[in-house]
Amino acid sequence: MKKDLSLPTLILIITTTVFSFSSMTTAFFMMGSKSLPWFLISGACYFIPYALIVAQYTKKYADRSGTIFDWLKESLSPKLAFITAALWYCSYFTWMVSLFMRIMIPFSILLFGKDISSAASWFGISSQIWVALLSILSVFLLTALNTRGFQVIVSFLKISSFAMVGLLILSLISNLLIISRHPAEFFPNIIGSIHADSFFTGTNNQFFSQLPFFIFSITAFGGLDTVASLADRTKKSKSRFPRAVIIAAVIITLLYFIGIILWSGANNLEALRQTNQMHLGNLMYGLMGTTAKNLAVSFNFSNSQTALLYQIFIRYTAFTLFVAYLSLLSSITFGPLKSLIQGTPKEIWPKKFVSLNSNQMPVNALWLQAMLVALVILTLSLNNQFLGNLYNQLTYMTNVARSIPYFVVAISFPFFIRKNIVSDHERLIQNKKTNYLLSISVCLCILLAIGFQIYQPFKLGNYVDGFSLIIGPIIFVFLSRLLYQRFERRQALQL
């Protein structure tokens, strides 16, 4: 059953799914106002062009389940489309494991006001075991909820969207209030954040040396494909989804720009960096906590009022991140899997694997995926050095593998246009050369990102990590190709 999501609701869901409050605060803390040109460049050269490509594909294929597979099978070939879809799913599987293992951090801050996930033990049992058990419990609980139907995923997305809007409003109003109470400090803080040393690894104050941050700013715009994979489950998606994607793309770019300016104007970046309590692991909570304290000082709050405001700010931040994790996990445990097994030829998979329950959910595939994720989490909790290193290498393998599907989608777009798969009046942008430029711009950005990802570990002498980045996609492509070739042989025997 399809859900009827209005255009404003779709825009809200896409915006809050792609926009990362954590990326915005990291950009401010690590680069200050120097991050703004890079966000504008990545938004103009990568995100908005990619959003236009995705909008065109969803306009054509919004009622189909395959997402990337459907986008590519006519533009390129069914085999390449399947390999790309499989590569896309494999990269998300590793990300699922990572997110489930991190979900207890915001949950513990929400309940206790501090992160207790790294404590030595709870009730005499290692906290690492507790985190693993609770993570596995969350895997099965979320899977059980997902099997109840697509409306559960939509509910998570809506709750997360409203929570993120609340956090944005809270941070923006707080920073504006601090600026209004200390207007003389606004421009000195902005200038200070421009001249502050770059804290981002591998960069300095020279503009072109900050290329590693360009790669970071591209990843800050990730997640559009995940939302697009749910388009076939919403009503009127052919008309609403493309418009929602384009409008959301502009809003997201503006949110990063406005947010970083306000953080820079309301805070003395150098003073923030000198505090020993602020590091990348707790940065979002640290900045919101500091904002609460600055706000309390500005309005002459008492110590007890300051402590209360501090707890409200960090616990609401933890709540937002917790529901954001739940929302993201509910969509990525379903969307990529659904696209892979329902969008591709059903003959590739065992019949039980693709069967749907009464709620139109691939229940057997979801539970098998949950068991595999739980098994990986349990294995990692054993604290075995070999297994830990193996997982780290698997993560490295998927880093580049996750970028390749975006590149293939972008490079397929000129073929999609040239083959006249959509008529002239259905094209969002009529001029063919402009469509080709969109593809070229996205491809160049992704090639730059992949090239730097591969170059960086070799530069640092981490040759195993470097080779893992190269070998990973090759292994995933090889396995996917074998699976599709088996399907082709079966089809040939039936003729």
Side-chain angles (χ1 to χ4, degrees), residues 46 50 53-54 57 61 64-99 215 218-219 222-230 331-345 348-349 353 362 365 368-369 372-373 376 391-413 415-416 439 442-443 445-451 453-454 465-488:
Y46 167 73
Y50 187 70
I53 292 171
V54 170
Y57 274 128
Y61 300 113
R64 299 192 192 177
S65 300
T67 315
I68 284 181
F69 178 79
D70 286 318
W71 297 354
L72 300 179
K73 71 177 182 180
E74 291 182 4
S75 304
L76 300 175
S77 72
K79 181 186 286 187
L80 186 55
F82 177 79
I83 291 170
T84 306
L87 197 62
W88 183 55
Y89 173 77
C90 289
S91 66
Y92 270 104
F93 182 86
T94 310
W95 196 28
M96 275 181 235
V97 174
S98 176
L99 286 175
I215 312 305
I218 287 176
T219 63
L224 193 57
D225 52 322
T226 309
V227 187
S229 69
L230 307 176
S331 57
I332 69 173
T333 52
F334 170 67
L337 181 65
K338 181 266 300 179
S339 300
L340 185 64
I341 65 172
Q342 288 184 247
T344 58
I348 294 176
W349 314 104
F353 199 60
L368 178 60
Q369 175 182 259
L372 289 173
V373 170
V376 174
Y391 177 72
N392 288 337
Q393 295 310 315
L394 182 62
T395 303
Y396 267 106
M397 286 180 180
T398 55
N399 281 346
V400 168
R402 193 175 170 198
S403 306
I404 292 173
Y406 305 150
F407 178 80
V408 178
V409 167
I411 207 169
S412 72
F413 195 57
F415 298 97
F416 176 79
S439 172
V442 174
C443 287
C445 287
I446 296 173
L447 279 176
L448 188 62
I450 291 174
Q453 276 186 309
I454 293 172
D465 294 344
F467 282 116
S468 294
L469 288 170
I470 299 169
I471 294 169
I474 295 172
I475 293 173
F476 294 141
V477 166
F478 177 73
L479 294 174
S480 305
R481 190 167 176 268
L482 284 180
L483 193 59
Y484 196 83
Q485 284 179 332
R486 190 185 70 163
F487 159 71
E488 287 180 322

*Asks:* Under 3.5 Å, sequence neighbours excluded: what are the donor-acceptor pairs made by side chains of residues 76-83?
*Replies:*
{"from": "Ser77", "atom 1": "OG", "to": "Leu80", "atom 2": "N", "distance (Å)": "3.2"}

*Asks:* Specify the closest pair of heavy atoms between Ile341 and Ala365, including all atoms of both residues, with the distance to one decimal.
*Replies:*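 Nearest heavy atoms, Ile341 then Ala365: CD1-CB, 3.5 Å.
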*Asks:* Distance check, rounded to the nearest 0.5 Å: Ile404 atom CD1 versus Ile411 atom CD1?
*Replies:*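 If we round to the nearest 0.5 Å, Ile404:CD1 and Ile411:CD1 are 11.5 Å apart.
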*Asks:* What heavy-atom pair brings Ser331 and Pro336 nearest, and what distance separates the two atoms?
*Replies:*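 Closest pair (atom of Ser331, atom of Pro336, distance): O-CD, 3.7 Å.
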*Asks:* Counting C-beta onward and ignoring hydrogens, is there a side-chain heavy-atom pair between Ile471 and Ile475 closer than 4.5 Å?
*Replies:*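 Answer yes - side chains close enough.
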*Asks:* Would you compute the distance between atom CZ of Phe407 and atom OG of Ser412 and round it to the nearest 0.5 angstrom?
*Replies:*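 The CZ atom of Phe407 sits 10.5 Å away from the OG atom of Ser412.
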*Asks:* Kindly indicate whether the side chain of Ile332, heavy atoms from C-beta on, has any atom under 4.5 Å from the side chain of Leu99.
*Replies:*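 Result yes, sub-4.5 Å side-chain heavy-atom pair found.
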*Asks:* Could you check whether any side-chain heavy atom of Pro362 comes within less than 4.5 Å of a side-chain heavy atom of Phe334, counting everything from C-beta outward?
*Replies:*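 They are in contact (side-chain heavy atoms under 4.5 Å apart), so the answer is yes.
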*Asks:* A side-chain contact here means heavy atoms from C-beta on lying under 4.5 Å apart; do Tyr61 and Lys73 qualify?
*Replies:*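 Counting from C-beta outward, Tyr61 and Lys73 never come under 4.5 Å.
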*Asks:* Can you confirm whether or not the ring centre of Phe487 sits under 6.0 Å from the ring centre of Tyr484?
*Replies:*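 Centroid separation for Phe487 and Tyr484: below 6.0 Å.
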*Asks:* Is there a side-chain contact between Asp70 and Tyr57 in this structure, where contact means two heavy atoms from C-beta onward sitting under 4.5 Å apart?
*Replies:*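 Contact flag for Asp70/Tyr57 side chains = no.
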*Asks:* Please report the closest heavy-atom contact between Thr333 and Leu337, naming both atoms and the distance.
*Replies:*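 Taking Thr333 first and Leu337 second, the nearest heavy atoms are O-CB, 3.8 Å.
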*Asks:* Taking C-beta and beyond as the side chain, do Val376 and Phe93 meet within less than 4.5 Å on heavy atoms?
*Replies:*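 They are in side-chain contact.
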*Asks:* Under the criterion side-chain contact (heavy atoms from CB on, under 4.5 Å), which of Phe69, Trp71, Trp88 is the partner of Ser339?
*Replies:*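 Answer to the side-chain contact (heavy atoms from CB on, under 4.5 Å) test with Ser339 among Phe69, Trp71, Trp88: Trp88.
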*Asks:* Does some side-chain heavy atom of Tyr406 sit less than 4.5 Å from a side-chain heavy atom of Val442?
*Replies:*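 Sidechains of Tyr406 and Val442: no contact.
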*Asks:* Does Phe415, at its CZ atom, have more than 12 non-hydrogen atoms belonging to other residues, nucleotides or ligands within less than 6.0 Å?
*Replies:*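 Counting neighbours around CZ of Phe415, 12 or fewer heavy atoms of other residues, nucleotides or ligands fall under 6.0 Å, so no.
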*Asks:* With a 4.5 Å heavy-atom cut-off, do Leu448 and Tyr46 have their side chains touching?
*Replies:*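 No. Closest side-chain heavy atoms not under 4.5 Å.
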*Asks:* CE of Met96 to OG of Ser91: how many Å apart, nearest 0.5 Å?
*Replies:*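 These two atoms lie 9.0 Å from each other.
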*Asks:* Please find the pair of heavy atoms, one from Ser403 and one from Ile446, that lie closest to each other, and give the distance.
*Replies:*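 Looking at all heavy atoms of both residues, the shortest contact is O-CG2, 3.8 Å.
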*Asks:* If you take all heavy atoms of Arg486 and Ile348, which pair is closest and at what distance?
*Replies:*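 Heavy atoms of Arg486 and Ile348 come nearest at NH2-O, 3.5 Å.
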*Asks:* Heavy atoms only: give me the nearest Leu340-Trp349 pair and the separation to one decimal.
*Replies:*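 Leu340 and Trp349 have their closest heavy atoms at O-NE1, 3.5 Å.
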